[in-house]
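All values below were derived from every heavy atom in this structure, side-chain atoms included, with hydrogens, water molecules and symmetry-related copies excluded.
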Amino acid sequence: MHINLKNDGDIFIMELSDEIDLYNSPELRNQLTTAISRGEKKIVIDFANVKYIDSSGLATLIEGLQKMNREKGELKLCALRQSIRDIFEVARLDDVFAIYETQKDAVNEFKQN
């Protein structure tokens, strides 16, 4: 997995690629924890180039969402391929996470609030 980090104003964007699985989800957890601990309140995770996610990847995202909620921040996901979206739907996480079609949609939602 590769993680590209960038900012759009006060919005922290994590662009992920390849697979999120047992072997690399700790890297995602570390990046999320670091961002939250330094005070990021608006995080977008872009899945445009993610081909696969397993249960450890889902657990990492849930943990990140819980940390953001405790810190009064918001975490949005975007650009999920249909196969990834199906996993979120089966796990009923599509009702837990704010999911947007594109990175631009997620960023714009932050900017409107």
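- Scored by the salt bridge (charged side-chain N to carboxylate O under 4.0 Å, His left out) test, Arg70 finds no partners at all (sequence neighbours excluded).
- With sequence neighbours left out, the side-chain hydrogen bond (donor to acceptor under 3.5 Å, both in side chains) criterion links Glu71 to no other residue.
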- Test side-chain contact (heavy atoms from CB on, under 4.5 Å) on Asp54 and Tyr52 and set out the steps. CA-CA 7 Å; Asp54 70 4; Tyr52 173 79; 3.4 Å; yes
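- When each of Leu93, Ile99, Asp94 is tested with Val96 by the rule side-chain contact (heavy atoms from CB on, under 4.5 Å), just one qualifies, namely Leu93.
- Met1 and Val44 fall into different hydrophobic clusters, where Ile, Leu, Val, Met, Phe, Trp and Tyr are joined by side-chain heavy atoms under 4.5 Å apart, directly or via other members.
- Both tests hold for Lys76 against Phe110: distance to the six-membered ring centre under 6.0 Å, angle to the ring axis within 45°.
- Between Phe12 and Leu5, the closest side-chain pair of non-hydrogen atoms falls below 4.5 Å.
- For CZ of Arg92, the number of neighbouring non-hydrogen atoms (other residues, nucleotides, ligands) closer than 6.0 Å is 12 at most.
- Between Ile87 and Leu58, the closest side-chain pair of non-hydrogen atoms falls below 4.5 Å.
- In this structure, Ile62 and Phe97 have side chains that are in contact, with non-hydrogen atoms separated by less than 4.5 Å.
- Separating the CD1 atom in Ile36 from the NZ atom in Lys67 is a distance of 6.0 Å, to the nearest 0.5 Å.
- Atom-to-atom distance recorded for Thr60:OG1 and Asn30:CG is 11.0 Å, nearest 0.5 angstrom.
- The side-chain heavy atoms of Ile20 and Val50, taken from C-beta on, include a pair separated by under 4.5 Å.
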- Task: Please test Asp18 against Asn49 for side-chain contact (heavy atoms from CB on, under 4.5 Å), starting from the C-alpha separation and ending with a verdict.
- Result: CA-CA 6 Å; Asp18 299 319; Asn49 295 309; over 6 Å; no
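- Side-chain heavy atoms closer than 4.5 Å link hydrophobic residues (I, L, V, M, F, W, Y) into clusters, and following such links, even through other members, never connects Leu65 to Val107.
- Interatomic distance, Ile43 CD1 to Leu32 CG, rounded to the nearest 0.5 Å: 5.5 Å.
- Here Asp8 pairs with Lys111 in a salt bridge; the nearest charged N to carboxylate O distance falls below 4.0 Å.
- How far CG of Asp21 is from CD1 of Ile53: 9.5 Å, rounded to the nearest 0.5 Å.
- Checked by atom type and distance alone, the side chain of Asn4 never pairs as donor or acceptor with a backbone atom of Leu16 at under 3.5 Å.
- You'll find the side chain of Leu61 reaches within 4.5 Å of the side chain of Leu28, heavy atoms only.
- Residue Phe88 is grouped with residue Leu75 when hydrophobic side chains (ILVMFWY) are merged at heavy-atom distances under 4.5 angstrom, including chains of intermediate members.
- A cation-pi contact, defined as under 6.0 Å to the ring centre and within 45° of the axis, is absent between Arg85 and Phe47.
- A salt bridge is defined here as a Lys NZ or Arg NE, NH1 or NH2 lying under 4.0 Å from an Asp or Glu carboxylate O, and Arg29 with Glu27 fails to meet this definition.
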- Starting from the C-alpha separation in whole Å, work towards a yes-or-no answer on salt bridge (Lys or Arg N to Asp or Glu O under 4.0 Å) for Glu74 and Lys41. CA-CA 6 Å; Glu74 287 186 70; Lys41 297 291 187 199; over 6 Å; no
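- In this structure, Ile84 and Arg81 have side chains that are in contact, with non-hydrogen atoms separated by less than 4.5 Å.
- Put simply, CG on Leu80 and OH on Tyr100 are 13.0 Å apart, with the number rounded to the nearest 0.5 Å.
- Between the CD atom in Glu40 and the CE atom in Met14 there is a gap of 10.0 Å [rounded to 0.5 Å].
- Thr102 and Asp105 share a donor-acceptor pair across their side chains, judged by distance under 3.5 Å alone.
- Side-chain polar atoms of Asp86 and Gln82 form a donor-acceptor pair below 3.5 angstrom.
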